[in-house]
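Everything below concerns the one structure shown next.
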Amino acid sequence: MAMMTMIQAINDAMRVEMERDENIIVLGEDVGVNGGVFRATDGLQKQFGKDRVFDTPLAESGIVGTAVAMAALGMRPIAEVQFGGFVYECMDQICTQAARLRFRTGGRFQVPMVIRTPYGGGAKTPEMHADSFEAYFMHTPGIKVVFPSTPYDAKGLLIAAIRDNDPVLFYENMPLYRSVRQEVPEEAYVVPIGKANVVKEGADVTVIAYGNMVRLSEQAIAQVEKERGVTVELIDLRTISPLDMDTIFDSVDKTGRVVVVHEAIRTGGVGAEIIARINEERILKLEAPCVRVTAPDTPYPPALVEDKWLPSKGRIVAGIKKVLDF
Amino acid sequence: MAMMTMIQAINDAMRVEMERDENIIVLGEDVGVNGGVFRATDGLQKQFGKDRVFDTPLAESGIVGTAVAMAALGMRPIAEVQFGGFVYECMDQICTQAARLRFRTGGRFQVPMVIRTPYGGGAKTPEMHADSFEAYFMHTPGIKVVFPSTPYDAKGLLIAAIRDNDPVLFYENMPLYRSVRQEVPEEAYVVPIGKANVVKEGADVTVIAYGNMVRLSEQAIAQVEKERGVTVELIDLRTISPLDMDTIFDSVDKTGRVVVVHEAIRTGGVGAEIIARINEERILKLEAPCVRVTAPDTPYPPALVEDKWLPSKGRIVAGIKKVLDF
Amino acid sequence: MQNVFPMRQILDTEGKIVEGQIPPELSDEKLKHLYRWMFRLRVYDALSIKLNRQGRLGFYAPLGGQEACQIGAAAALRKTDWIFPSYRDLGASMYHGWPIAGTYKWSRGQIDGMKIPEDVNLFPPQIIIAQQTIHAAGAGWKFRLKNEDHVALTFFGDGATSEGDFHEGLNFAAVMKAQTIFFNQNNGYAISVPLEQQTNSETIAQKAIAYGMKGIRIDGNDIFAVYQTVSEAAERARRGEGPTLIEAITYRLGPHSMSGDDPTRYRPQTEEEEWKEGKDPVKRFRLYLEAQGLWSQEWEAELEKEMKAEISAAINEVQRAPIGEVDELMEFVFEEMPADLKKQQEEVRSWKGAAE
Amino acid sequence: MQNVFPMRQILDTEGKIVEGQIPPELSDEKLKHLYRWMFRLRVYDALSIKLNRQGRLGFYAPLGGQEACQIGAAAALRKTDWIFPSYRDLGASMYHGWPIAGTYKWSRGQIDGMKIPEDVNLFPPQIIIAQQTIHAAGAGWKFRLKNEDHVALTFFGDGATSEGDFHEGLNFAAVMKAQTIFFNQNNGYAISVPLEQQTNSETIAQKAIAYGMKGIRIDGNDIFAVYQTVSEAAERARRGEGPTLIEAITYRLGPHSMSGDDPTRYRPQTEEEEWKEGKDPVKRFRLYLEAQGLWSQEWEAELEKEMKAEISAAINEVQRAPIGEVDELMEFVFEEMPADLKKQQEEVRSWKGAAE
Ligand SMILES: Cc1ncc(C[n+]2csc(CCOP(=O)(O)OP(=O)(O)O)c2C)c(N)n1
Ligand SMILES: Cc1ncc(C[n+]2csc(CCOP(=O)(O)OP(=O)(O)O)c2C)c(N)n1
Ligand SMILES: [Mg+2]
Ligand SMILES: [Mg+2]
């Protein structure tokens, strides 16, 4: 075991897997000599050579698209899209090509590739860097969407993503990169994709979150539990697509009260889908309307405004109280 | 008044508006000499000249992006994306540039442009032609999303879109292009964007649909009403973004039972958002879980399978009965 | 730029070898084999148009007029090489091993329509213009990385060169020294839009300069020029000397697709005649073979009969084959079906009664 | 290709006019004006880096070393022309009229940070690489359509030329004879990636050939070459003779941005020195002016004082200005706020207590 930040855990996941399987390659902008703008790929080119870790031209569709073909022909590429807002640049290669190739070819081809991308509010980045666009990909069959919230999960989920035979979009929260250290095994291990994590059990309210919102929700929950003498269950989705509804339903059956937290805007977000499914299958269990604590429906705001725009501990507290007080 | 198909009504809307305002231009692939692959722009280049109706290079980002700049500088471009599945090619120009320019510049610039695009299942088109991707744009603040379901609405909504000072994505259902004729005024008129249409009042169930699903829902409703002796209210959303929740809530207050129908896939679709909002504000009015009648969560299937994949009259009937029988 | 990139022609429109040119070294057998395939495509095209009109086929993009491009290019490859076609390249795809019945399933939109047999190194036809150029760059890059002496060849049209993805594909390939051939069938139109409105560059070949790539312009209706040029490009690629952009000048004799396109709206009748009569790729090769004593009326009649029988067998087989069910298709979204999709699959099965 | 596109240089690295070259006809006043602005940028860059390190600025992409590009190009335009900058082009943006305080609001991410004054013909800095090339194509196309004799000029880097959108922008501009100038600041790196890995083409200028566009390669650290070349391109554009791609060879002396970039990871110290000492654009222009008797130590000291005062006033003004509130921002999503957004706005107002 070693103490690792999330960025170290991510780096480590790629390293141990690349040692195991020489078909794994890394490609993207600045991932080679520079080791990535966040150093996620630091040292990989040195260790594995220029024929496995590539600084590519500045062209996201090219990055994802060449990886799609290589994956279909037996490689296992890990592509980096330098920031989450740039997925628009390669939307077709992600959604039409990577996500559909297995389906289109009746299973003849598969696309075992990972697209890593940093995202997440709070780091005061310029436009189009911090945006949370995961809902687009939840609405895109054929690609899995993963959100680690701890260094341990990051390593295990990334290894799972690398070994998965379907394309995985791997979202890395920027503020989480270096803010937490955790014991992380040095060898390879897998945190399964598609399985949510009950971070903390509770009886009165279910809070559903992912990425950095898990950490924030923990703080909010601690406050409400103290103030109200209730217990709150916290679910870290870990995977947005596919959604682990069993874990959610089990919790709703217990608590009957739900708060969904995400930093993406509200309309059409992940929360809407979760609430629709709870409505479909657990309406009689609900003691109150499900509450969404999200960003409002505007483009991502300028850096100095982001903290007022993103969900805050205070807003999550208010959301939990709202669902309690209904 | 004249009897018009939807494609004629769309053509007519552009014609009458272009006669009124010479800043309106039309650009896209094959929209000029050929008059569009569906003849939506037929005759426009002849009438308004090659300096107002442009056959562009085959490049969707170029089409939308040049239109964004022209709109910001005072033109009113109507851009065509030849089929709805090709929006991925210009996702950034739609979502980052067109939809955000007003916001980014604190209102200095506006982007009064329309993006017309045909979509919709049933016409046995090749891959990526029929897909319903509207949920992506509902999750994108700053762009309006419009779905006419009749020739009358098509003309009025398109004129409203052209006159709107914000970008509007205008979805034209392919099977509806020529399947219905209707009396349409010859002069210009506006059907307001953002206002849903109660196609038919009813007391027991609310069916919410848009585009071609309105027509199909009408047929399903007729059957259920006959079989069950109930009355069903049918709401044609007309606009997906912004959503007219007042009309929806008024109806839910009456019926307490909701079926949402769309041909997009289920997860993360427009239905999820509507249900989440009903849950948030009308949970106590609900007599049953809201039901979604949608395509399943797979990529769009091959042409001969599409009718089994899309919502059918029978599936809508089953959905209405499900919500009635809860 | 036309003098920097002159059009390479070996077989002229009369079926004669152009002065000073040397045809590729091909046995009589191979020559007849090439003709046989070009002729098969001609028959395939005519019959597919007919089947489409009868409602027995679905989406079909006629390839008539482009037979030399498709057969010449595919024949210059090995079976171990990979092809990344567009919707119009069913000819090259069949030559490379996709059965006629497969193309018909694809056209009609039946289940498995895009499931190309495992031993055929072919991607499914790409509908989204120019995306396949990036895939071909990726494949050619992979071959270099893995020291495999395969080549990736992709077909795309003149219109496709305007897409940003064309640019990204070619740039990647050149930087990565990908073992890729970018085969442009410049048929002069992207649906209705003529090349002059597509780009201000005089030729497509010169676009290679932007990538520091080899570019070459050839007569795409000359089977020898196509075969020879692709052979050379493949050799270069295999030797690790990088990708090539080939602009092959050709013409589609039919409409853009069978979905309502009417070429008389956008191109002059005289132009069509000129290409049909004067520059036909099949005719000129036939004249050449005839002069060599390798062609006869009877042989061609036999070929026609054979191909018609194959097509008729194929369409009948395909029409008898299952169309497919949604619940089956759901198995191909992911390798393993997630729980929520499985639940939907059950729901989908329950529709079978309800649907109408 | 370097001989097809030789690097145009008028003012050599010693501040002398290159033999056979004629400097642009500029009054002493104008020459001093140009220097004044280049020097202002040099001061702005140094101070902005400092302010960033102090945490008083937000995102900042140093422009030091690229002053001749930004001032030379902007100065060759009219105020009625439009500029479409990237994040690094605050220099040209300020020259064109964006106040220093505006750029600081933008950098910090305050409300109105991208609200450029109504009378300044400038788009907000583009973060998404190469999108602005399409906008500039659209603007230049609009000017032609409306018979306006304006020009649209866009700045972008060497890395940007790999994006598909660069390709679409240039192709559109050439086809539409847009009144556009594509000004490439080739500073040799896209963050850490050197040009040789960005593209296999020897020059950026040659990429113009792909579009049938005029391309030209210049010394981007030579204010005269930049000014003269942009003037000529603008004239051509105004005359309706189409767009121009200008490759200006330059170097950024600082890091890519102030967000953790460390150039020593990817470029040799010696290279930095060479550009800093030997090829500096400000120094060489100073030497020229000095020889003409137009420069003095005192004048420069005065300029520095003046600029420092302006910057200090700007940053203080900006730090006193409101940061902005979410509910205010919501007014800018649409022209009229839809009902559901209005409801959210009320909710947002209620957060002000809850948030922390
Ligand atoms: C991204 C995208 N945009 C538009 C289309 C619609 N479309 C299909 S074929 C075609 C023209 C293609 O022209 P070209 O590349 O010259 O190939 P050709 O059809 O002539 O073989 C167009 C515009 C598409 N399929 N994909
Ligand atoms: C679409 C997109 N991809 C990636 C980035 C991240 N990024 C910002 S600047 C940059 C390098 C740009 O290099 P170049 O075009 O040479 O301009 P320079 O920064 O050297 O002025 C990259 C990769 C981005 N902003 N947008
Ligand atoms: Mg063509
Ligand atoms: Mg650069």
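Chain naming here is simple, since letters A, B, ... match the order of the sequence lines and numbering starts at 1 in each. Just so you know, these numbers use all the heavy atoms, side chains as well, and skip hydrogens, waters and symmetry mates.
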Can you say whether [X] sits under 4.5 Å from chain B via the side chain, the backbone, both, or neither, judging by heavy atoms?
X         : value
Val193(C) : both
Ala130(C) : neither
Asp340(C) : neither
Ile191(C) : both

Examine distances only and state if a side-chain atom of [X] and a backbone atom of [Y] form a donor-acceptor pair shorter than 3.5 Å.
X         : Y         : answer
Lys308(B) : Gly324(C) : yes
Gln197(C) : Thr56(B)  : no
Asn34(B)  : Ser192(C) : no
Gln198(C) : Leu58(B)  : yes

At what distance, to the nearest 0.5 angstrom, does [atom1] of [X] lie from [atom2] of [Y]?
X         : Y         : atom1 : atom2 : result
Glu127(B) : Gln126(C) : CD    : CD    : 7.0 Å
Glu163(C) : Phe86(B)  : CD    : CZ    : 9.5 Å
Glu60(B)  : Ser162(C) : CD    : OG    : 10.0 Å
Asp297(B) : Phe334(C) : CG    : CZ    : 9.0 Å

Between [X] and [Y], which heavy-atom pair has the shortest distance, and what is it?
X         : Y         : value
Leu329(C) : Pro301(B) : CD1-CB, 3.6 Å
Trp351(C) : Thr294(B) : CH2-O, 4.0 Å
Gly85(B)  : Ile128(C) : O-CD1, 4.5 Å
Leu304(B) : Ile323(C) : O-CG2, 3.5 Å

What I'd like to find out is whether the side chain of [X] reaches to under 4.5 Å of the side chain of [Y], using heavy atoms alone.
X         : Y         : value
Pro296(B) : Val326(C) : yes
Arg265(C) : Asp42(B)  : yes
Arg266(B) : Glu347(C) : yes

Under a 4.5 Å cutoff for heavy-atom pairs, which residue among [options] has the most contacts with chain C?
options                                    : answer
Leu310(B), Ile316(B), Val33(B)             : Val33(B)
Pro126(B), Pro311(B), Pro299(B), Ala303(B) : Pro126(B)
His129(B), Lys124(B), Glu89(B)             : Glu89(B)

Can you tell me if CD on Gln47(B) sees more than 12 non-hydrogen neighbours from other groups inside 6.0 Å?
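Count over threshold, so yes.
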Enclosure of Arg53(C) CZ (heavy-atom neighbours >12, cutoff 6.0 Å)
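No, CZ of Arg53(C) has 12 or fewer neighbouring heavy atoms, counting only those of other groups under 6.0 Å.
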With respect to chain B, which residue among Gln131(C), Gln345(C), Arg108(C) yields the maximal number of heavy-atom pairs within a distance under 4.5 Å?
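Of the candidates given, the most pairs with chain B belong to Arg108(C).
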Measure distances from [X] to the heavy atoms of chain C and classify the residue's part below 4.5 Å as side chain, backbone, both or neither.
X         : result
Val305(B) : both
Thr298(B) : both
Gln82(B)  : side chain

